[in-house]
Structure formats: C-alpha cells, structure tokens
Amino acid sequence: MSELDLLVKGGEAVIGQDVVKADIGIKDGIVTVVGAGLEASTRETVDASGLLVLPGGVDSHVHIDQPSGSAAEMCDTFDTASASAAAGGTTSVICFAWQSPGESLAAVAADYAERARASRVDYAFHLTITDPTEEVVEKELPALVAAGNRSIKIFMTYKGVGLEDREILRVLDAARRNKALVCVHAENNALIDYMTEKLLEAGLSAPKYFPWSKPSVAEREAVQRIIAFGEALDVPLEIFHVSGAGPAAEIERAQARGLKVWAETCPHYLTIVADDLDKPGFEGAKLIFGPPARTSADQEALWDYIRRGVISIISSDHSPSRYDDPKGKKVAGDTAPFSVIPNGVPGLAARMPVLFSEGVSKGRISISKFVDLVSTAPAKLFGLYPRKGTLAVGSDADFVLWDPRMKVTLTNAMMHHGSDYTPWEGVEVTGYPVATYLRGREIFRAGEILVEGGGEHLARPEYPMIEPREEFPTPFNPVERTVVS
Ligand code: URP
Ligand code: ZN
Ligand code: ZN
C-alpha cells in the first residue's frame, strides 16, 4: 500500500448498521482502507480514541443567500452557512437555486453556482420553480437537470411562490420526463389565507397565533393532494418538513400502497411546540417557521414515524433571518402581525447535535439510525451515495469525530452562522462534534473553523432510486401519452 495521507486511529466507526472499532486510511481525499488495528505508512495520524467516527452529515434542505421577495434578507452567505455546516458536523449541503417569478431559472442557477464557490463544504442544488413558464419547464429545466441538478422544489403555499394545481402537474410531468426528484412544501394556501384573514380580523396578530393560521389539517390536505398527483403521473416525491402526526399518516398510507414517497422532518419539529411561541413581546417571532411547530403529541408521533422509517431523513431546513434587525424578523417592525414576519429558523450547526442528544442520548434511536437519518439516507435519496453518506472504501473521506458523552450548552456563537440567535440557546446537549473533515482535510476543530472555501459542486447523474414505478391508475400513461398494456 502506498503511503496514506491520513490515518484515523482508535475510534469507533459507524459503518452501516455497525458501530465497530476500525481505523480509517485516507489517500487523496478518499477512504482507501478500513480495518481494526491498521499499521500503515502515513504522513499524519489522528487519534480518535474514545470518539465515534461518523460519515459527514448530508443536509438535504438548506436555504442560503436566497431572495426573499421583500425587504427582508436571508442572513447567510455560502461563507457563513458553510462555516455553520462544518461546526455541526455537516460536510455536504443541498441548497436552492431559487427562481423568483419572471426570472430565468438558468440565469438563477448560474448566479447561484458562482456564489456557492465560497462554500467550505460540498454542495448540490435543488431547482426551485415558482414560475413554470413554457420556456423554463421545457427549455431550461432539461439542461439544468442534465447538468446534475437532479431535484426540483415546489411550494403549494406562499403568495407569489406557491404553484396552482395545474402548474404543479406541469412540473411533475416535466420532472418525470427529465428524471428529477420533486420535493414539496405541502400546505393548503387557500385555507391558510382564510385563517390568517379571520385571525387578523379578530385582532389575534401576535406571533403566538402563527400556528393557528397554519393548522395541521392544511398540511395534511396538501400532502394528500400532492401524493394523489404523484400517483396519477407516477412521479416519486419527497415531502419536506413534515410537522406532525396528520401529514405523516398520509405518507405512511401512500408508502403502504407502494408509492415512492419519502419524507423528512427537522429538529425544530421534534423540540419546539406551538405554545413556545407564546413569549413576551415579539420574541415568539424567533420561532416562526412553516409548517409551524405543533404539539408534544405530534412530537411523540414523529419519533415513532422516524423509528419505523416512514420519515427517513432529518434535514435542518436552515432558513435564517436575524431577529433584532430591520431586514430580519422585524422587517415590518417589532409589533408586526405574524403574517408579515419572515418564516424560518437557523439550524445547520444545531441539526446533528440536537438530534443526537434528543435521539441517541435520550435512548429514542440507535447511533446507526442517527447516521442514517442525517447522512446515509439523504445521500441515497438525492443521488450522492456512496460517494457521500458512508465511510466505505472509495467514498469521499468526509467524517466527523464525535464525542458521544460531551455535554455542551448551546449558544449562538457556537453556530457560526449569520443570525443573531439560535432557537436552542441555553439548551444542554449530550454528544457533540470535536472535529469535521472534508475529503480528508480538517475544516473544523474544537469550536474553530479552520478553512476558507474548498467546497465542490456535486453533480448528480441519473440514479435508480428515483425511477418511476411504471404504474398508473389507468392503462394510460399521461406523461408519454401512451397506452400501457
Ligand atoms: O419556514 C420555513 N420553512 N421557511 C423556509 C422556506 C421553506 O418553507 O422551506
Ligand atoms: Zn418549505
Ligand atoms: Zn425550506
């Protein structure tokens, strides 16, 4: 064996279902050998005794440096967001090339690719379509998917962003023809609009009423509807940020019918409830995200759906605004109604520590389940596996040295993001990243970010997991306009 660049010795590696004493040898940024008690010529050795060695996190739902459509500004660039990723053990992110209405998706994607060059971690793009014109869907989309942007994001709510049903069908049709996965923000826009209007008319405008404006039934209906559309056109779907029991039950029913429907939830749904928005003054605005926080019964249900694999991915839905800032949560002032407060919370750095602490340290899930949720499953679903999401020979040497016993009280400064708050300020977690490596290069250790840039774009070619089932409700394939015998 030629000399290694790096040998990670003495740790317990999480490889598939196993947590095993294994050393990991790395050459040219790739895992080249895995085995117990490895003796090899190496330029550098890192001592991982007492630590877990985990595949680097893959966060498949991250908003970075996006237009907001208002005077509000998202407060992370690729520079700060990727620092935050590294600080939380995440080495790959999938973020959004976001088309605003009237814009060319191709131009947006090109601009976004340029800005992403500042990233310290590897990255791929979902294509967010808010204006599915003929030009965008039939001309731009095929080239962008072929270039490796193999997922599309659509919204069923938000004014100027959400698509009408007929537009959704057009995007699903194009996704099937171009072999791209469709990811969906599923909430019923009309119902939310109605509830918002009635709440404001009743004078109930404080942040704590935001969850009332977006009841679980609005999410459940939209999840059920998008699944029906996917079933009719035979299009696989990923349902983003499932907030509780109602929508999760719809997803389980779809999976039981054999449909290719996957789902994620996020740490904020597992740790924050609607009542937490009932804070003095405007403070509840910090916890405004959509779909909103639900109840502790929903949280228990989510853990159950996670354990049973109905929900297979935990992303951050990192969507950061500053709190005390006229371009952040206070864009319309500090007494503004909930309906004009920017949605979203920062969560990139906190994702893995909060899930490990709530999940593994509290005995709800195993270590290997944790790794699957935050790394392996998203890598598989989004076409990055086995380059990412595992520590197999031939994989990129992205890994985290993780102390499963370390107790840490989270503060905003530890998040390394652009926001002035974290929803988990003051929360004590058990289990924390000691160091993060991207392709064999140390990018974070002991609270410090060690590098500038260095992230690479991850082009995603076609892959079998998201192929359609070739089953339709009738003998007619509407996408190909053929009759299936
Ligand atoms: O509140 C949220 N989640 N904001 C980010 C955009 C989205 O809906 O994913
Ligand atoms: Zn969303
Ligand atoms: Zn999102």
Side-chain angles (χ1 to χ4, degrees), residues 59-70 72-76 81 85 93-100 112 124-130 151-163 168 181-189 192 196 207 210-211 213-214 216 218-219 222-223 226 237-244 247 262-272 274 276-277 284-294 311 313-323 328-329 331 338-348 350-351 378 382 417-419 421 423:
D59 194 339
S60 50
H61 184 166
V62 178
H63 301 266
I64 305 173
D65 205 359
Q66 262 178 208
S68 72
S70 76
E73 278 178 11
M74 195 162 270
C75 61
D76 267 323
V93 294
I94 312 182
C95 44
F96 298 86
W98 181 288
Q99 179 212 23
S100 295
Y112 213 58
F125 302 118
H126 304 295
L127 301 166
T128 303
I129 300 181
T130 63
S151 42
I152 295 167
K153 165 80 183 287
I154 57 169
F155 287 83
M156 298 173 80
T157 188
Y158 293 131
K159 193 159 180 277
V161 172
L163 304 186
I168 292 171
L181 179 64
V182 179
C183 305
V184 187
H185 179 127
E187 289 186 289
N188 182 303
N189 191 56
I192 293 167
T196 301
F210 174 77
S213 74
K214 292 178 154 241
S216 174
E219 186 181 350
V223 167
I226 192 69
L237 298 170
E238 158 81 338
I239 310 296
F240 271 170
H241 42 46
V242 174
S243 69
W262 296 274
E264 61 158 39
T265 190
C266 315
H268 39 278
Y269 296 109
L270 297 167
T271 55
I272 297 166
D276 292 332
L277 277 77
K286 288 180 177 173
L287 303 181
I288 282 191
F289 48 80
R294 306 287 184 203
I311 294 173
I313 290 176
I314 308 288
S315 75
S316 67
D317 190 9
H318 181 76
S319 187
S321 303
R322 289 170 59 81
Y323 172 65
K329 294 281 187 186
V331 67
F338 64 77
S339 53
V340 293
I341 299 171
N343 286 11
V345 282
L348 244 172
R351 178 182 72 124
F382 289 99
H417 55 207
S419 184
Y421 79 97

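Order of appearance sets the numbers: ligands from 1, and atoms from 1 within every ligand.
Listed by atom number, the atoms of ligand 1 under 4.0 Å from F289 heavy atoms are 1 (O). The distance from ligand 1 to the heavy atoms of Y158 drops below 4.0 Å at these ligand atoms: 8 (O). Listed by number with element, the atoms of ligand 1 under 4.0 angstrom from any heavy atom of K153 are 9 (O). Counting the atoms of ligand 1 from 1 in the order shown, those under 4.0 Å from a heavy atom of F155 are 7 (C), 8 (O). Near H61, meaning under 4.0 Å from one of its heavy atoms, ligand 1 places the atoms 9 (O).
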Go through the steps to decide whether V182 and I154 satisfy the test side chain to side chain contact (heavy atoms under 4.5 Å, CB included), and finish with yes or no.
CA-CA 7 Å; V182 179; I154 57 169; 4.0 Å; yes

Decide yes or no on side chain to side chain contact (heavy atoms under 4.5 Å, CB included) for K214 and N343, but give the supporting numbers first.
CA-CA 12 Å; K214 292 178 154 241; N343 286 11; 4.1 Å; yes

Starting from the C-alpha separation in whole Å, work towards a yes-or-no answer on ring-ring contact (aromatic ring centres under 6.0 Å, His included) for H241 and H61.
CA-CA 9 Å; H241 42 46; H61 184 166; 5.4 Å; yes

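Between R294 and E219 a salt bridge is recorded (basic side-chain N to carboxylate O distance below 4.0 Å).
The aromatic ring centres of F155 and W98 sit less than 6.0 Å apart. Not less than 6.0 angstrom separates the ring centroid of F125 from the ring centroid of F96.
At a 4.0 Å heavy-atom cut-off, ligand 1 does not touch F240 at all. At a 4.0 Å heavy-atom cut-off, ligand 1 does not touch E187 at all.
Looking at heavy atoms from C-beta onward, L237 lies in side-chain contact with I226 at the 4.5 angstrom threshold. Side-chain atoms of Y421 and V345, non-hydrogen and from C-beta on, do get closer than 4.5 Å to each other.
Nearest non-hydrogen protein atom to atom 3 (N) of ligand 1 is D317 OD2, 2.6 Å. Closest to atom 9 (O) of ligand 1, if we only count protein heavy atoms, is H63 NE2, 3.1 Å. For atom 8 (O) of ligand 1, the closest heavy atom belonging to the protein is H185 ND1, 2.8 Å.
Between the side chains of Q99 and T128, no donor N or O sits under 3.5 Å from an acceptor N or O.
Looking at H126, its side chain does come within 3.5 Å of a backbone N or O of S60 through a donor-acceptor pair.
Here the angle centred on the Zn ion (ligand 3), running from NE2 of H63 over to NE2 of H61, is 110°, rounded to 10°.
Among G290, P342, S319, the residue whose heavy atom lies closest to atom 4 (N) of ligand 1 is S319.
Nearest N/O/S atom of H241 relative to the Zn ion (ligand 2): this is NE2. In D317, the N, O or S atom that comes nearest to the Zn ion (ligand 3) is OD1. When the N, O or S atoms of H185 are ranked by distance to the Zn ion (ligand 2), ND1 comes first.
Residue-to-ligand polar distances place G344 within reach of ligand 1: an N/O pair is separated by less than 3.5 Å.
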